[in-house]
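Each chain gets a letter, A, B and so on, in the order its sequence line appears, and its residues count up from 1.
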Number of protein chains: 2
Amino acid sequence: MPCVNQERVDRVRRLMPDGDRLEETAGIFKVLGDVTRMKLLCALLEEELCVCDLAEFVEASPSAVSHQLRLLRAARLVRPRREGKMIYYRLDDDHVRRLLKEGLVHAAED
Amino acid sequence: MPCVNQERVDRVRRLMPDGDRLEETAGIFKVLGDVTRMKLLCALLEEELCVCDLAEFVEASPSAVSHQLRLLRAARLVRPRREGKMIYYRLDDDHVRRLLKEGLVHAAED
DNA sequence: TTTATATATGAATAATTGCTCAGATGATAA
DNA sequence: TTATCATCTGAGCAATTATTCATATATAAA
């Protein structure tokens, strides 16, 4: 590829975040990149909810929601709290809140 | 599902962003949720680059990169500028920058 | 005009993802 | 204990996505 400006490429390479961090970041965005999961998170933006509330809310089976919640937990976007038979979920921290709101704002810019 | 707290569900429903906005937001996050595309965007965080620079940078074929850029364009995350035979890409606006940085910061919180 | 270079696009394939279903776990109540 | 409810998990299937390859477009140079 003769058109490559190697100097530019090298410069950018030096300023790059490391691979693990990129993987992790892309992973978080990937988890956010699904309408059902976005709905779940937006619901939790308002208040703590149990799995069956969430299932009712997004009109999906508890099983489907549980699978989604597993991904959200793995990405540390939500945190569970058991209370008797039920498990209540909430957003993991304020940073998740900021990330969600940034996304929603960007979408509004049309 | 007898455990559903309908009152909570209804309250959350009323506060929800509308469907289109959720779709759009999830779509943006989905595009961000891929390591190759994240690399492309992080590179453009630093400076404007042409397709073949980007291809060299992520070690992928120009064709593969072009396909990814199409998605990034569609999501309004990058903007092309033709200069002769080459097309230079840059981040679309400062909001994209903020979104990327939020994501990277969240990933760093471990 | 013909030729070469940079990028874009369409179709096909391979890999990934989300859902359903069946069954497991954990907690409460009878 | 047994029964029941809420949730989780693994396997399998359907839908989606990323890549490759071949081809098309657009610009520039010969």
ring-ring contact (aromatic ring centres under 6.0 Å, His included) contacts touching residues 2-29 of chain A (sequence neighbours left out): A:Phe29-B:Phe29

d(CG, B:Leu72; C1', C:dA8) in whole Å: 15 Å

Short side-chain to backbone donor-acceptor contact, B:Arg90 and B:Asp92, under 3.5 Å: no

Apart from A:Leu71 itself, residues in the same hydrophobic cluster as defined by side-chain heavy atoms under 4.5 Å: none

DNA chain D contacts among residues 5-13 of chain B, heavy-atom distance under 4.0 Å: none

For atom CZ of A:Arg73 and atom P of D:dT7, their distance in whole Å: 12 Å

Nearest-nucleotide pick for B:Gln68, side chain only, options being D:dT7, D:dG10, D:dT19: D:dT19

Validation row: A:Leu44, A:Leu54 side chains within 4.5 angstrom (heavy atoms): yes

Between D:dA6 (P) and A:Asp53 (CG): distance, integer Å: 11 Å

N-O pairing of B:Arg97 and B:Asp94 below 4.0 Å: yes

Rounded interatomic separation in angstrom, taking CG from B:Leu54 and P from C:dA8: 10 Å

Lys/Arg N to Asp/Glu carboxylate O, B:Arg11 vs A:Glu46, below 4.0 Å: no

B:His95 side-chain N/O to A:Glu102 backbone N/O, donor-acceptor pair under 3.5 Å: yes

B:Arg73 and B:Tyr89, any side-chain heavy atoms less than 4.5 Å apart: yes

Backbone of A:Pro62 reached by a side-chain donor or acceptor of A:Ser66 within 3.5 Å: no

For atom CG of B:Leu71 and atom C1' of D:dT16, their distance in whole Å: 12 Å

Contact letters for nucleotides 11-17 of chain C, in which S counts primed atoms plus P, OP1 and OP2 and B counts the base, heavy atoms under 4.0 Å: ------S

Exercise: do A:Glu24 and B:His106 side chains pair donor with acceptor under 3.5 Å: no

Side-chain ion pair, A:Arg8 and B:Asp53, N-O less than 4.0 Å: yes

Any B:Ser63 side-chain nitrogen or oxygen under 4.0 Å from OP1 or OP2 of C:dG10: no

SG atoms of A:Cys52 and B:Cys3 less than 2.5 angstrom apart: yes

Nucleotide nearest A:Ser66 (side chain, heavy atoms from C-beta), chosen from C:dA27, C:dT9, D:dC8: D:dC8

Hydrophobic cluster membership, B:Val9 vs A:Val78, 4.5 Å side-chain cutoff: yes

Those residues of residues 83-90 of chain A lying under 4.0 Å from DNA chain D by at least one heavy atom: A:Lys85, A:Met86, A:Ile87, A:Tyr89

Side-chain ion pair, A:Glu83 and A:Arg81, N-O less than 4.0 Å: yes

Presence of B:Ser61 side-chain N/O under 4.0 Å of D:dT20 phosphate oxygens OP1/OP2: yes

Interatomic distance, B:Arg82 CZ vs D:dA28 C1' [rounded to whole Å]: 11 Å

Close residues, residues 39-47 of chain B, relative to DNA chain C [heavy-atom separation under 4.0 Å]: none

